[in-house]
Amino acid sequence: SGKIGIGTTSPTASLDVRRSDASGIVAEFHNSTGYGIDIGTSTSDAYISSGYAQSFIFKTNPGSGQIERMRLTSGGNLGVGESNPILGKLQVAGNIFVNRNGTNGLAANPYFENLLVSGIGTTNVSAIQLGNSFGQDTGTYLRFQVNSNSASSTPVNSLILNPNGT
């Protein structure tokens, strides 16, 4: 049938590798000194991990020489379009587009996207938001919003910048 099974006599894919128990590394791909990747699983998680203190890199377009698109460092920083993400946990080279529920910001009034939110759940939340309307006004706005330490409190607009710069 053109299928290869390792650890199984009934492979369900072109290459089917199985463990005899429920948890652990299923496959390893390493060079002669041990650097490489592991693919593993448990009953609750599936994972791909890099060996030693290596970064995990996603590349595309093999026809033009493997272009790096995203990097997860061994320290836990993620760079998108950035090969050395040292400025924070997420560093993006280029624009970030926020598309809430597939509406492209066109479906609600007022309609704001959280660009950055800090807090725990609905308690003590502060946010930087970008929106296409606010109350009776129309247009694009940048809003800085803070919330008190009460989960039921209404967020307070600390600063709103409208298209006129006010």
Side-chain angles (χ1 to χ4, degrees), residues 1-108 111-132 144-147 149-153 155:
S1 68
K3 297 178 181 176
I4 299 171
I6 300 173
T8 180
T9 57
S10 302
T12 60
S14 295
L15 176 60
D16 190 341
V17 181
R18 306 220 180 177
R19 291 181 54 91
S20 59
D21 58 357
S23 298
I25 296 173
V26 175
E28 297 178 342
F29 302 90
H30 296 272
N31 65 17
S32 62
T33 57
Y35 292 96
I37 63 170
D38 301 326
I39 300 173
T41 189
S42 69
T43 55
S44 60
D45 297 309
Y47 62 87
I48 299 174
S49 63
S50 62
Y52 298 104
Q54 295 173 279
S55 293
F56 201 79
I57 301 170
F58 294 85
K59 295 182 177 184
T60 62
N61 205 357
S64 65
Q66 294 288 331
I67 299 168
E68 181 174 330
R69 304 298 185 183
M70 185 168 62
R71 174 183 295 253
L72 178 61
T73 68
S74 60
N77 290 358
L78 179 64
V80 179
E82 176 60 56
S83 63
N84 190 21
I86 59 172
L87 299 177
K89 286 297 178 187
L90 175 62
Q91 188 172 337
V92 178
N95 296 329
I96 299 173
F97 175 74
V98 179
N99 183 355
R100 182 178 179 188
N101 300 325
T103 61
N104 293 323
L106 302 174
Y111 198 86
F112 277 88
E113 297 293 351
N114 288 321
L115 299 178
L116 177 64
V117 177
S118 175
I120 301 173
T122 58
T123 304
N124 222 8
V125 174
S126 297
I128 300 173
Q129 301 174 322
L130 181 65
N132 67 347
F144 295 83
Q145 192 174 65
V146 294
N147 199 341
N149 60 5
S150 170
S152 62
S153 69

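We count residues from 1, following the sequence as given.
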Practice problem: Would you check if I6 and L15 make a side-chain contact, meaning some heavy-atom pair closer than 4.5 Å? | Solution: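 The answer is yes; the side chains approach within 4.5 Å.
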Quiz item: Tell me, do M70 and L78 make a side-chain contact under 4.5 Å, heavy atoms counted?
Solution: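 Yes, their side chains come closer than 4.5 Å.
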Within the distance-only criterion (no hydrogens, no angle test), does the side chain of [X] pair as donor or acceptor with the backbone N or O of [Y] below 3.5 angstrom?
{"X": "D16", "Y": "T12", "value": "yes"}
{"X": "Q54", "Y": "S50", "value": "no"}
{"X": "S55", "Y": "I57", "value": "no"}

Exercise. List in chain and number order the residues that pass side chain to side chain donor-acceptor pair (under 3.5 Å) with T33, two or more places apart in sequence or in another chain; answer none if no residue qualifies.
Key: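 If we apply the side chain to side chain donor-acceptor pair (under 3.5 Å) test to T33, skipping adjacent residues, the hits are N31.
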Quiz item: Who passes side chain to side chain donor-acceptor pair (under 3.5 Å) against E68, sequence neighbours left out?
Solution: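 If we apply the side chain to side chain donor-acceptor pair (under 3.5 Å) test to E68, skipping adjacent residues, the hits are R71.
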[atom1]/[X] to [atom2]/[Y] distance, rounded to the nearest 0.5 angstrom?
{"X": "S83", "Y": "I67", "atom1": "OG", "atom2": "CD1", "result": "13.0 Å"}
{"X": "N84", "Y": "N77", "atom1": "CG", "atom2": "CG", "result": "9.5 Å"}
{"X": "T41", "Y": "R18", "atom1": "OG1", "atom2": "CZ", "result": "11.5 Å"}
{"X": "L87", "Y": "E82", "atom1": "CG", "atom2": "CD", "result": "7.0 Å"}

Self-check item: Residue pairs involving residues 26-50 (criterion salt bridge (Lys or Arg N to Asp or Glu O under 4.0 Å); sequence neighbours excluded)
Solution: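 Residue pairs passing salt bridge (Lys or Arg N to Asp or Glu O under 4.0 Å), neighbours aside: none found.
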Exercise. Step by step, work out the side-chain contact (heavy atoms from CB on, under 4.5 Å) result for I25 and Y47.
Key: CA-CA 9 Å; I25 296 173; Y47 62 87; 3.7 Å; yes
Quiz prompt | Whether over 12 other heavy atoms sit under 6.0 Å from F56 CZ | solution =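 Count over threshold, so yes.
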Exercise. Let me see the working for T73 and I86 under side-chain contact (heavy atoms from CB on, under 4.5 Å), right down to the final yes or no.
Key: CA-CA 9 Å; T73 68; I86 59 172; over 6 Å; no
